[in-house]
Amino acid sequence: MPLPVNSRCTNGPLQLPNVTLTGSLAVIQGWSAPFIGEHHVALASNIRNMYYGTSARSEYMGHAAVIQSSGSGKSRLIHEVAGDIFTIPFNIRDPKEHLNNGTYPPTDTAVHNLLIEWASKYSGLALQSRFSGFLQVVFEEITKELRGMLASRSGDTKLPLEWREYLTAHRDALYSRVAVLAAQDALETLVKLVCTSSGCSADEPATVGGSSDFKEAPLATCDVLHAAFKSKTIQSETIRGDPMGRIKILHILMYFDEAHVLAEGLSRIQKKTALDILISALDDCRDLGLFTLFMSTQSSLEHLAPSAVHARSSRYCSLAPSMHAPITETPFDCFGSKQLVPSKLYCRDVCETPFMACFGRPISEVLRCGRLSLDVLELARRKLLCKDEIRMPIDSHTVAAQTAVLDVRIMLSFEPSREAAHRHEEQLVASHMRIAYSVPKDRIYLRSGYSSEPILAEAAARQLHEWWCQCLGLGPSATGIDVIDRLRDTTDIGPAVQILRKTLDHDLLSRGEVGEVIGHLLLTLARDSATCATSSDSDDPHFSNPVPVTTFIEQLLSEPFAKDVLTSKPDNLPANAPRVDLTFAEVFKDAVVNFTHFAKWADDSALSQDTALGCFIRSMAVICRNNAATGDVFIPVLMNKDAALNASVMTGIMVQFKLRAHSGTIAAYAIDATKVGLFKQTPDDDETQRHPYITLIMELGKLGEKTPVSNAGTPLQDTPSKVVLIPPAPRRRRGSAYPRYSIYVYGCSPTVYRVISKNERGVYKHMLGGGKLLAEDPWQDPTSLRLVRMLKTFFAIGHTSWHWLCHMRLNTDLPDKSDDEAGVVVSAGGEDGSGDDNDGDVFMD
């Protein structure tokens, strides 16, 4: 038998069951496992609050949407709510999807076929009358089933829970009967009842949902439920006593899973989707003790929860601001009360696929417990691409699929003020595994992102590797070493760079964070190259394997600069300090880094050994909170790859990204680990045992016109493509510090970064320059673009911006500067003057 979903490794490597299951069977088994967490309790409470809090049962307030990406446990969550609230569930997913992909729960085929047939043939009031007839039959048949079930009822099981279990055995037969009756008898009867004598045809009745028989059906169901509950706090007048016929207590929850199938296409007459019309039919039941949920992954807010801007009726438009916002809270990291014990783990454990599956959405954990014969990483790749053919060339996949693969790895920041970016994010949630975090009350957009899921990050890394192999002309059997050998002489533009350029050219990303995104990309490419460089000749690269720090540096920087870094010494120790003469390579010979993706931080706790430990276990690097003085990214480093995981053996790489016209000073960029609280200091702290740390400044903008000078104030020789060693500064400071190895990288070209190929030089320059701000202009010839720029689309040095001013320098169109104006500065030892004084700056202001 598989492990239960809440089974956790708390004292060593994960133990897998012996049984091998298919993906579908594993998911089915997961449904019988104990539910972890309190999400269902909170959701049931919120549903009741939405029903009770509706003022006078306003129109369109009897329903809400549940929007979340695939594998997030939406269906299981509502299944748990059904144990607390009497529930009528419908799964109207396309039956072909269930047969092809083994999705669960299975489709209610009879109901799906009936609703889709009607939606394809009818529209407007004709379709609404049929939906109303369907609902009437549903309530009538469920009332009969309830009475039969209650007649033979024994025990004290809660009625909603008992009904849920009863429906498991009788659901297919019940819904098949409902479909037949609704299609043949009940619908025709309802149409006759609601049509007036004014010539209305059966296809276009004058009124819908107003008949007494229609409203009697849910009322009868509530009567039965009320009698079964036998609640002393609910008086009979609650059911029938309201002068408007309202029911004050929520008795029934109805939900439609995969509701987007009714939102595909508009009707011929009223320009409404079938889903809009179903909501209108349900709205006639809003006072009758019923609340409805619509669940979907593959639908936009415009379909399931439209804002006033996208409303398809004037009545809906006026009510939209007060309607219920979509629900996005679904389970994640389902550990329950159990926790991992870091000291029982080693770095070899955290990169195992079953271990990585512990984190993230419930589907990963369910599949891990089933020990799939199906490769969970290949499944993740298919889900991420929304396509079964994962080995097709990059151009055969949609832009959204390509973006998703890169977004998982480097965390893209979409432009919040751009409608196209909002649509793009919705598409990523609908089809490409992006997590919906929340939807504001106005429902104009949703907040979303790729949360920390090591399995998904590994899958994305493998997809990028697949595309790289195809670009390089390598077959599916190519090893990591084959890739590294081919990369040395490649002139191809890598898939990750291609994708980032496309998203920038489509103006989807926030321009203010281009430098950070490119910095994330360079670090990720170096990490992946290090994986390939250290993989065996026979195995495919596993990108979650920790890699040596020294190899990471060798793959990040071009060969001469990498060598200078590896031979560099601490820049912040006095001459008499222990280990002052130890080189980078000596100190970090046993150290490894482990990150496959990035996670955002909301407070100042990012830089600490404790954070480094947690991030290392989860294979993630930290994106520090906005405007943090401590840097932009923190990469966890384990000092001893053979040691048990513990905060005391952790350090890190603190990274800053800069994108400026002129390079800053080393003193201005210097980071002191003791000031930011990276290490825990104790009174008996042994200086010889203090861990080193690394600071990496990535000045992605070109060097300015400043002349580099030495600490003594004399100009340094201008050798922009070489390492500039900083002469030791005067020894002023007493005491000691944690050894710091500082790296300052200037420029963004193959001269300094090994992960940038020759043909990518111009692409990076283009992206750093803001991309094609006029990429969507229909006229791309130079003359037309010049005239558009003269509309003052933006300002820059040159005639199109400053033709109106008599100023020679402003009116001079500057030639492109060479990307070779780049270099790496490392310390040759000694202090850098980053204390209270500012002596020792390499570049003078």
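Counting begins at 1 with the first residue of the sequence.
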Is the closest side-chain heavy-atom distance between [X] and [Y] below 4.5 Å?
X      : Y      : result
Leu282 : Phe256 : yes
Thr109 : Val111 : no
Asp94  : Ile116 : no
Leu253 : Ile88  : no
Arg171 : Pro89  : yes
Tyr450 : Leu428 : yes
Ile252 : Ile142 : no
Val439 : Thr328 : yes

Could you state the interatomic distance from [atom1] ([X]) to [atom2] ([Y]), rounded to the nearest 0.5 Å?
X      : Y      : atom1 : atom2 : answer
Gln68  : Thr330 : CD    : OG1   : 4.0 Å
Ile279 : Asp284 : CD1   : CG    : 13.0 Å
Leu125 : Ser132 : CG    : OG    : 9.5 Å
Arg164 : Leu159 : CZ    : CG    : 12.5 Å
Tyr51  : Thr292 : OH    : OG1   : 10.5 Å
Phe86  : Leu167 : CZ    : CG    : 8.0 Å

When the aromatic ring centroids of [X] and [Y] are compared, is their separation below 6.0 Å?
X      : Y      : value
Phe359 : Phe332 : no
Phe294 : Phe90  : no
His424 : Phe414 : yes

Could you tell me if [Y] and [X] have a donor-acceptor pair between their side chains, going purely by distance under 3.5 Å?
X      : Y      : result
Arg434 : Ser69  : no
Tyr122 : Gln128 : no
Asp283 : Ser280 : no
His260 : Ser296 : yes
Ser70  : Arg361 : no

Counting only N and O atoms by type, is there a donor-acceptor contact under 3.5 Å from the side chain of [X] to the main-chain atoms of [Y]?
X      : Y      : answer
His432 : Leu384 : yes
His79  : Ser75  : no
Ser129 : Ala126 : yes
Asp257 : Ile92  : no
Thr87  : Ile85  : yes
His40  : Ile78  : no

I need the minimum non-hydrogen distance between [X] and [Y], along with the two atoms involved.
X      : Y      : answer
Ala119 : Leu127 : N-CD1, 4.0 Å
Asn113 : Pro95  : OD1-CG, 4.4 Å
Ala263 : Leu275 : CB-CD2, 4.1 Å

message = Quick one, Tyr175 with Glu141, criterion side chain to side chain donor-acceptor pair (under 3.5 Å). Give me CA distance, side-chain angles, the key distance, then yes/no.
response = CA-CA 9 Å; Tyr175 287 174; Glu141 293 304 307; over 6 Å; no
request  = Please lay out, stage by stage, how Lys158 and Glu165 fare under the test salt bridge (Lys or Arg N to Asp or Glu O under 4.0 Å).
outcome  = CA-CA 11 Å; Lys158 289 178 61 177; Glu165 300 308 315; over 6 Å; no
request  = Could you go through the side chain to side chain contact (heavy atoms under 4.5 Å, CB included) check for Phe335 and Ile36 one step at a time?
outcome  = CA-CA 7 Å; Phe335 279 81; Ile36 299 173; over 6 Å; no
ask   = Within 45° of the six-membered ring axis of Phe35 and under 6.0 Å from that ring's centre, is NZ or CZ of Arg76 located there?
value =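 Cation-pi check for Arg76 and Phe35: fails.
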Ion pair [X]/[Y], N-O distance below 4.0 Å:
X      : Y      : value
Asp84  : Arg48  : yes
Glu117 : Lys121 : yes
Lys74  : Glu329 : no

query = So which of Gln427, Glu419, Glu425 actually passes side-chain hydrogen bond (donor to acceptor under 3.5 Å, both in side chains) with Arg423?
reply =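 It is Glu419; the other options fail the test.
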